[in-house]
> 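I am attaching a structure below and will ask some questions about it afterwards.
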Amino acid sequence: MEEKQESINQTIEQQPNPSMETELPKKKEKKNKKEKASDAEILKLKEENATLNDKVLRINAELQNIKRRNSEEISRLMKYDGETFIKKLLPVIDNFERAINMDDDNLEDEVSKFLSGFKMIYSNLKNILDEMEIKEIECIGKPFDSMNMEAVLTDHDETKEENIVLDCLQKGYTYKDKVIRPAMVKVNN
């Protein structure tokens, strides 16, 4: 009897179950749909990840550029620190030069004593300007340079070449490597 039961069980197992056969393709279809959906979702996430990585790289590069520009601007500002003060001081130096250039025929009068004091103050100012790398623009007898000079007058001198500076009406100055005041000159035409 046991043998009969076993043989019946074996035949049952060997025979295909019709309900099982229809369930398997349905499960496979559902599984395939899920896999396709998850593959599409994975692709979508990979694209989003790549986009976000690109954005992060761009933002990082932009931040580095901002830092570099900021650092350059700070160093430039520090390099030319005091430029506004120097620009305000230059007319005072011009006035000292005008006072010093006064006629000093009689060395015994009061004006001569004042002029000697002005000369001492002027020489101290010139020393300070030299220490701060403020240089006078040499222009008389040189070719006109529009980067360093402003032509305010023209004249004609046949003994000199054309476009040569004949006279300096107001001195020009450079601060380190920057022109802070161009020289006002008379140019030969």
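Numbering starts at 1 and runs along the sequence shown. Predicted model, so just to flag it, every value in this text is computed and none were measured.
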> What residues form a side-chain contact (heavy atoms from CB on, under 4.5 Å) with E48, not counting sequence neighbours?
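Residues passing side-chain contact (heavy atoms from CB on, under 4.5 Å) with E48: K44, L45.
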> Say you draw a straight line from OG1 of T84 to CD1 of I180; how long is it, rounded to the nearest 0.5 Å?
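It comes to 10.0 Å.
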> State which residues pass side chain to side chain donor-acceptor pair (under 3.5 Å) with N95; sequence neighbours excluded, sorted by chain then number.
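So N95 forms a side chain to side chain donor-acceptor pair (under 3.5 Å) with R98.
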> Show me the side-chain donor-acceptor pairs of residues 50-57 shorter than 3.5 Å, one per line, residues at least two apart or across chains.
unit_1	atom_1	unit_2	atom_2	d
T51	OG1	E47	O	2.8
N53	ND2	N49	O	3.4
D54	OD2	R58	NE	3.0

> List in chain and number order the residues that pass side-chain contact (heavy atoms from CB on, under 4.5 Å) with E73, two or more places apart in sequence or in another chain; answer none if no residue qualifies.
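Result, side-chain contact (heavy atoms from CB on, under 4.5 Å) vs E73: R76, L77.
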> Is it the case that one hydrophobic cluster holds both V152 and V165, taking links as side-chain heavy atoms less than 4.5 Å apart, direct or via other members?
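Unlinked, V152 and V165 end up in two clusters.
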> Grab the two heavy atoms, one from F118 and one from I100, that are nearest each other, plus how far apart they are.
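Of all heavy-atom pairs spanning F118 and I100, the closest is O-CD1, 4.0 Å.
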> Holding to side-chain contact (heavy atoms from CB on, under 4.5 Å), I want the full list of residues that pass it with N148, two or more places apart in sequence or in another chain.
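Counting only residues at least two positions away or on another chain, N148 forms a side-chain contact (heavy atoms from CB on, under 4.5 Å) with I137, D145, V179.
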> Ring pair (Phe, Tyr, Trp, His ring centres under 6.0 Å) with F144: which residues, sequence neighbours excluded?
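So F144 forms no ring pair (Phe, Tyr, Trp, His ring centres under 6.0 Å) with any residue.
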> Can you give the donor-acceptor pairs under 3.5 Å from side chains of residues 129-136 to other protein atoms, not counting sequence neighbours?
unit_1	atom_1	unit_2	atom_2	d
E136	OE1	K126	NZ	3.4
E136	OE1	K171	NZ	3.2

> Hydrophobic clustering (ILVMFWY, side-chain heavy atoms < 4.5 Å, transitive) - are V92 and Y173 grouped together?
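Yes, one cluster joins them.
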> Rest of the hydrophobic cluster containing M78 (Ile/Leu/Val/Met/Phe/Trp/Tyr, side-chain heavy atoms under 4.5 Å)?
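Hydrophobic cluster check, M78: joined to I74.
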> Taking all atoms of both residues into account, what is the closest heavy-atom pair of P143 and M149, and its distance?
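The pair with the smallest heavy-atom distance is O-CE, 3.8 Å.
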> Please test R68 against N65 for side-chain contact (heavy atoms from CB on, under 4.5 Å), starting from the C-alpha separation and ending with a verdict.
CA-CA 5 Å; R68 179 186 48 80; N65 286 339; 3.8 Å; yes
> More than 12 foreign heavy atoms under 6.0 Å from CD of E41: is that the case here?
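Counting other residues, nucleotides and ligands, CD of E41 stays at 12 neighbours or fewer.
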> Test of understanding: with side-chain contact (heavy atoms from CB on, under 4.5 Å), list the residues that count as partners of K79, not counting sequence neighbours.
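Expected list: K176, D177.
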> Would you say N70's side chain and I66's backbone share a donor-acceptor pair under 3.5 angstrom?
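Looks like no, no N/O pair under 3.5 Å.
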> To the nearest 0.5 Å, what is the distance between NZ (K178) and CD (E83)?
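Between K178 NZ and E83 CD, I get 3.5 Å after rounding to 0.5 Å.
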> For Y122, give me all partners under ring pair (Phe, Tyr, Trp, His ring centres under 6.0 Å), at least two apart in sequence or on another chain.
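Y122 satisfies ring pair (Phe, Tyr, Trp, His ring centres under 6.0 Å) with no residue once adjacent residues are dropped.
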> Roughly how far, to the nearest 0.5 Å, is SG of C168 from CD of E138?
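E138 CD to C168 SG: 9.0 Å, rounded to 0.5 Å.
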> Would I121 end up clustered with L115 when hydrophobic side chains under 4.5 Å apart are linked, directly or stepwise?
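Both belong to a single hydrophobic cluster.
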> For D94, what residues pass the salt bridge (Lys or Arg N to Asp or Glu O under 4.0 Å) criterion, not counting sequence neighbours?
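Expected list: R181.
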> Working to the nearest 0.5 Å, report the span between CD1 of I164 and SG of C139.
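Answer rounded to 0.5 Å: 11.5 Å.
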> For residues 182-189, dump all side-chain donor-acceptor pairs below 3.5 Å to protein atoms at least two apart in sequence or in another chain.
unit_1	atom_1	unit_2	atom_2	d
N188	OD1	D157	N	2.7
N188	ND2	D157	O	3.0
N188	ND2	K160	O	3.0
N188	ND2	E161	O	2.8

> Rounded to the nearest 0.5 Å, what's the gap from CD1 on I42 to NZ on K46? Could you check?
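Rounded to the nearest 0.5 Å, the CD1-NZ separation comes to 6.5 Å.
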> Out of curiosity, F96 CZ to N124 CG, how far, rounded to the nearest 0.5 Å?
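One gets 9.5 Å once the value is rounded to the nearest 0.5 Å.
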